[in-house]
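Input: a single structure, listed below in structure tokens.
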There are 2 protein chains.
Amino acid sequence: MTEILEQYIIERFRKRPENLDKVLLNFEFKKVKRGTHLLTQGEVCKYVYFVLKGCIQVYILDKNGNEATRSFYFENGWVTDIFGFKNQRPSTEFIKCIEPCELLRIHFHAFQAMCKEVPQFDALYKEILEASYNTTVYRVNTLTSLNALERVQWLMETKPLIMTRLSSKLIASYLGISPETLTRLKSKL
Amino acid sequence: MTEILEQYIIERFRKRPENLDKVLLNFEFKKVKRGTHLLTQGEVCKYVYFVLKGCIQVYILDKNGNEATRSFYFENGWVTDIFGFKNQRPSTEFIKCIEPCELLRIHFHAFQAMCKEVPQFDALYKEILEASYNTTVYRVNTLTSLNALERVQWLMETKPLIMTRLSSKLIASYLGISPETLTRLKSKL
DNA sequence: CTAAAATCTTGACAATTGTCAAGAGCCAAG
DNA sequence: CTTGGCTCTTGACAATTGTCAAGATTTTAG
């Protein structure tokens with residue numbers, strides 16, 4: 001089941017890295033139902049997940065118990081709670097499969113070993129980290145500089161997949177607005 | 001003028017890395033006045049800056065010309081527009097010295113060379129990247145899950161330096177609220 | 001396929017936050 | 001040390017967004 005990840009890595013490097021088989025051996029296939037939690041607040045995140053199929057939501061709960069979504073991950077996305085994973089400390093976030101998912105996961109120890117032993121794996125991690133940081137910076141900028149309507153428009157333009165594939169409730173939790181507000185803003189487009 | 005950076009790196013590694021002198025040679029000292037822009041929207045970011053003294057604001061302008069601050073950097077902070085720098089493409093952000101600053105800067109070419117030639121430098125970069133990403137993730141979570149008052153409280157608890165050292169106007173632009181709202185919320189604490 | 005559950009939409013109203021204006025106060029550059 | 005410019009505060013009001021409730025619609029699990 002690691003063929004998709006294999007293909008993904010080959011395309012990223014535009015060639016087959018020498019130690020690819022060694023890397024792939026560390027990944028374990030998991031098929032999970034819609035609604036399954038991969039991580040709960042307070043738990044220590046032991047894995048990095050690669051999404052083969054499905055969609056994953058990373059969120060926290062506010063004081064009223066409402067979900068505030070940090071990010072969604074689709075096919076070929078890499079998911080973890082970076083801080084909790086890196087330091088093996090309890091997480092503040094929830095990671096949930098919001099569609100039936102097929103995943104590959106790599107354990108903390110294996111991840112660390114690969115980073116140390118396989119330079120290409122470390123390079124891949126660095127690239128993903130840079131891209132993730134960049135995405136998150138943009139997200140901060142949209143949250144501080146745009147009002148609700150502008151954020152909806154921004155989402156449609158830059159992340160149409162989220163708009164078309166996910167429920168309004170999830171989209172609203174990603175935009176930081178209530179579902180009712182989203183319904184009303186849609187009619188203003 | 002690279003003694004402070006030297007000390008910073010030694011403390012980070014808990015020993016003196018072999019190639020430290022080679023790395024330090026690539027940094028250039030700059031002393032700049034309050035208000036100086038290190039980067040303007042549309043410009044290509046050619047440097048990574050290390051703050052020896054002073055404070056730097058990274059912000060964008062919204063459609064009404066109001067500043068929305070992504071981040072502040074104080075002593076021992078690393079600043080750049082990561083996406084524009086990495087890809088040498090026009091930036092969407094402004095980088096401004098909001099206090100008289102003393103800086104060390106490293107040019108894009110030198111930065112790339114150091115990442116390639118000095119593994120410790122690359123490791124340092126990765127660490128800073130991880131920490132920055134993590135900080136930004138938390139920032140997204142506060143922006144989506146907390147209201148204005150809660151964000152002020154959060155800022156006081158987690159980043160007291162911002163609250164005490166910077167003007168209300170700047171703090172408001174960081175929290176994504178108007179200066180008037182900040183004034184009013186302060187009286188509710 | 002069907003029943004139960006969750007989501008979406010709409011209305012009425014409340015709460016939060018923004019805008020504009022004006023005076024007081026403070027700070028920084030010379 | 002002084003002065004001009006910027007910031008802070010406050011009030012009045014407007015705009016945006018949230019909350020609650022209820023019915024219609026859609027989706028999901030068995």
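Below, chains carry the letters A, B, ... as their sequence lines are ordered, and counting in each starts from 1.
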Problem set entry | Residues clustering with A/Leu149 (ILVMFWY side chains joined when closer than 4.5 Å, directly or via others) | A/Phe72, A/Phe74, A/Ile98, A/Leu146, A/Val152, A/Trp154, A/Leu155, A/Met156, A/Leu161, A/Ile162, A/Met163, A/Leu166, A/Leu170, A/Ile171, A/Tyr174, A/Leu175, A/Ile177, A/Leu182, A/Leu185, A/Leu189
For this session: Hydrophobic side-chain clustering at under 4.5 Å (ILVMFWY, transitive links): who's grouped with B/Leu61? Put none if nobody.
Result: B/Tyr59, B/Phe94
Problem set entry | Spacing of CG belonging to B/Asn26 relative to CG belonging to B/Leu104, to within rounding of 0.5 Å | 11.5 Å
For this session: Calculate the interatomic distance between B/Lys33 atom NZ and C/dA28 atom C1'; express it in whole Å.
Result: 13 Å
For this session: Measure the distance from NZ on B/Lys188 to C1' on C/dT17 and round it to the nearest whole Å.
Result: 10 Å
Exercise. Tell me: CG of B/Asn66 to C1' of C/dC20, nearest whole Å?
Worked result: 13 Å
For this session: Verify, without hydrogens or angle tests, whether A/Glu75 (side chain) and A/Gly54 (backbone) share a donor-acceptor contact under 3.5 angstrom.
Result: yes
Exercise. Is B/Thr80 reaching over with its side chain to a backbone N or O of B/Tyr47, donor-acceptor style, under 3.5 angstrom?
Worked result: yes
Exercise. Does anything in residues 139-163 of chain B reach DNA chain D, meaning a heavy atom under 4.0 Å, and if so which residues?
Worked result: none
Problem set entry | Residues B/Glu28, B/Lys46: salt bridge by 4.0 Å N-O rule | no
Exercise. For DNA chain D, what residues of residues 58-65 of chain A have any heavy atom nearer than 4.0 Å?
Worked result: none
Short N/O separations, protein against nucleotides 5-10 of chain C, under 3.5 angstrom:
| from | atom 1 | to | atom 2 | distance (Å) |
| --- | --- | --- | --- | --- |
| C/dT7 | OP2 | A/Lys169 | NZ | 3.2 |
| C/dC8 | OP1 | A/Ser168 | N | 2.7 |
| C/dC8 | OP2 | A/Lys169 | N | 2.9 |
| C/dT9 | OP2 | A/Thr183 | OG1 | 3.2 |

Exercise. Please give, in whole Å, the distance from D/dT17 P to A/Leu175 CG?
Worked result: 11 Å
Exercise. Are any side-chain N or O atoms of B/Arg139 and backbone N or O atoms of A/Thr136, one a donor and one an acceptor, separated by less than 3.5 Å?
Worked result: no
For this session: Hey, can you tell me if B/Trp78 and B/Phe50 have their rings parallel, tilted or perpendicular (30° and 60° cut-offs)?
Result: tilted
For this session: Could you tell me whether B/Phe111 and B/Phe85 have their ring centroids closer than 6.0 angstrom?
Result: yes
Exercise. Between A/Arg16 and A/Asp21, is the closest basic N to carboxylate O distance under 4.0 Å?
Worked result: yes
For this session: Report which part of the nucleic acid A/Gly176 touches: base, sugar-phosphate, or nothing (heavy-atom distance under 4.0 Å, all strands).
Result: sugar-phosphate
Seminar exercise, completed: Value for CD (A/Glu67) from CD1 (A/Ile60), rounded to nearest 0.5 Å, stands at 10.5 Å
Exercise. Can you check whether A/Asn147's main-chain N or O pairs, donor with acceptor, with A/Glu150's side chain at less than 3.5 Å?
Worked result: yes
Problem set entry | Side-chain N or O of A/Ser178 closer than 4.0 Å to phosphate OP1/OP2 of D/dG18 | yes
Exercise. About how many Å separate CD of A/Glu130 and CZ of B/Phe83, when rounded to the nearest 0.5 Å?
Worked result: 10.5 Å
Exercise. Hey, what bend do you get for the helix from C/dC1-D/dG30 to C/dG30-D/dC1 if you fit axes on five pairs at each end, rounded to 10°?
Worked result: 80°
For this session: Grab the CG-P distance between A/Leu185 and D/dA15 for me, whole Å please.
Result: 16 Å
